[in-house]
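What follows is a set of notes on a single structure, which appears directly below.
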Amino acid sequence: MHSFIDDPRLPDDVTVADLRELAERLARAAGDLVRTGRPDRVEVASTKSSATDVVTRMDADSEALLRREIAAARPDDAVLGEEDGASSGTSGITWVVDPIDGTVNYLYGVASYAVSVAAVVGAPDPQEWTVLAGAVHSVVDGRTWTAGLGGGATVDGRSLRVVEPTSLAQCLVGTGFGYDADRRRAQARVLVEVLPRVRDIRRLGSAAIDLCLVASGELDLYYERGLNPWDMAAGGLVAQEAGAVLTGLRERAADHEMTVAGASGRVGELVRLLEDVGADADE
Ligand code: LIP
């Protein structure tokens, strides 16, 4: 297993454990803001890729807090955030943050939304970077998943290890849908093929939490097309460090085209099914 203790990309002044502790502190601090600052009626501040791809004032405030805290703790690091994009750094470490993952759930008050914080080296290309540490803080129930590369995964300090279900038909599978109508139509077509072959489907609305639920055994598998790097950077490491496989389709790594996560045997079955039904296309 690669040791980042002697990796030249890791600055001398920090360890993976340090980054993991900071990621947890950052995710919890932003989560506290999101929790305590949620108004009775949340307003849409703006939209992005479609009229349903919403941004709230709290998305912006949460990311601003994350950026302030990162600048205070590690001023030479870069940041890539969902709302304010990329800011440069000189240390080689980039913080990849989603200030509220599950924004529509936050807007409606549905209890599945999180703050996701990851530290990577090798940015800006997600296909080239390595996630060193991550934390996902579930705002409503207060749980926090963390992971460090080679250091395992925990939820609220409890170590996690995925268990292999006996068959695909026994698997509880999480998924999600995009904001574009044509993509949603294609995703529904894929769902028609997946649903009868698995135990059941859960569409919980936050990729970061979905990936962490795979790590903690509350989902057996997860797949989604169209994730952004900040949706999956921290949760993907948590899943991997809990023993799950994180992959794309057709020998690709997990990326915007497709992300699949779960115990190795069952992931292979789901990957083959998704490939057969063309789940990495919007036709
Ligand atoms: C969300 C993802 C979720 C997906 C939603 C949305 P956001 O991210 O975490 O998995 O199904 O459509 O993209 O937009 O709330 O940060």
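In this text the structure is predicted, and so the values were computed from the model without any measurement. Just follow the structure's listing: the first ligand is 1, and inside any ligand the first atom is 1.
Residue contact check: Ile100 has heavy atoms under 4.0 Å from atoms 16 (O) of ligand 1. Atoms of ligand 1 lying under 4.0 Å from any heavy atom of Ser206, numbered from 1 in the order shown and given with element: 9 (O), 10 (O). Per-residue contacts place Thr103 under 4.0 angstrom from the following atoms of ligand 1 (heavy atoms of the residue considered): 15 (O). When each atom of ligand 1 is checked for a heavy atom of Gly102 under 4.0 Å away, the hits are 7 (P), 15 (O), 16 (O). For ligand 1, the atoms closer than 4.0 angstrom to any heavy atom of Glu82 are 14 (O), 16 (O). Every atom of ligand 1 with a heavy atom of Glu224 under 4.0 Å away is listed here by number and element: 3 (C), 4 (C), 10 (O), 11 (O).
Remark: among candidates Val55, Asp231, Ile209, Asp101, the nearest residue to atom 9 (O) of ligand 1 is Asp101, based on non-hydrogen atoms.
For atom 6 (C) of ligand 1, the nearest protein heavy atom (residue, atom name, distance) is Tyr179 OH, 3.3 Å. The protein heavy-atom contact nearest to atom 12 (O) of ligand 1 is Phe177 O, 2.9 Å. Nearest protein heavy-atom contact of atom 5 (C) of ligand 1 is Arg203 NH2, 3.8 Å.
For the pair Gly176 and ligand 1, the shortest N or O to N or O distance does not fall below 3.5 Å. On a distance-only criterion, Ala207 and ligand 1 share at least one N/O pair closer than 3.5 Å. Not one N or O of Gly178 is nearer than 3.5 Å to an N or O of ligand 1, by distance alone.
Leu249 belongs to a hydrophobic cluster with Leu168, Val173, Phe177, Val190, Leu191, Val194, Leu195, Val198, Ile201, Leu221, Tyr223, Val245, Met258, Val260, Val267, Leu270, Val271, Leu273, Leu274, Val277, counting contacts under 4.5 Å between side-chain heavy atoms of Ile, Leu, Val, Met, Phe, Trp and Tyr, direct or through other members. In this structure, Val163 shares a hydrophobic cluster with no other residue, the cluster being traced through Ile, Leu, Val, Met, Phe, Trp and Tyr side chains under 4.5 angstrom apart.
Inspection of the Arg203 and Thr175 side chains reveals no N or O donor paired with an N or O acceptor under 3.5 Å.
For the salt bridge (charged side-chain N to carboxylate O under 4.0 Å, His left out) with Arg183, the lone residue among Asp282, Asp53, Asp280 that qualifies is Asp282.
For the pair Ala119 and Ile93, the tightest heavy-atom approach, listed with the atom from each and the gap, is CB-CG2, 4.3 Å. Of all the heavy atoms in Tyr179 and Ser49, the pair that sits closest is CB-OG, 3.8 Å.
To the nearest 0.5 Å, the span separating CD1 on Ile70 from CG on Leu22 amounts to 7.0 Å.
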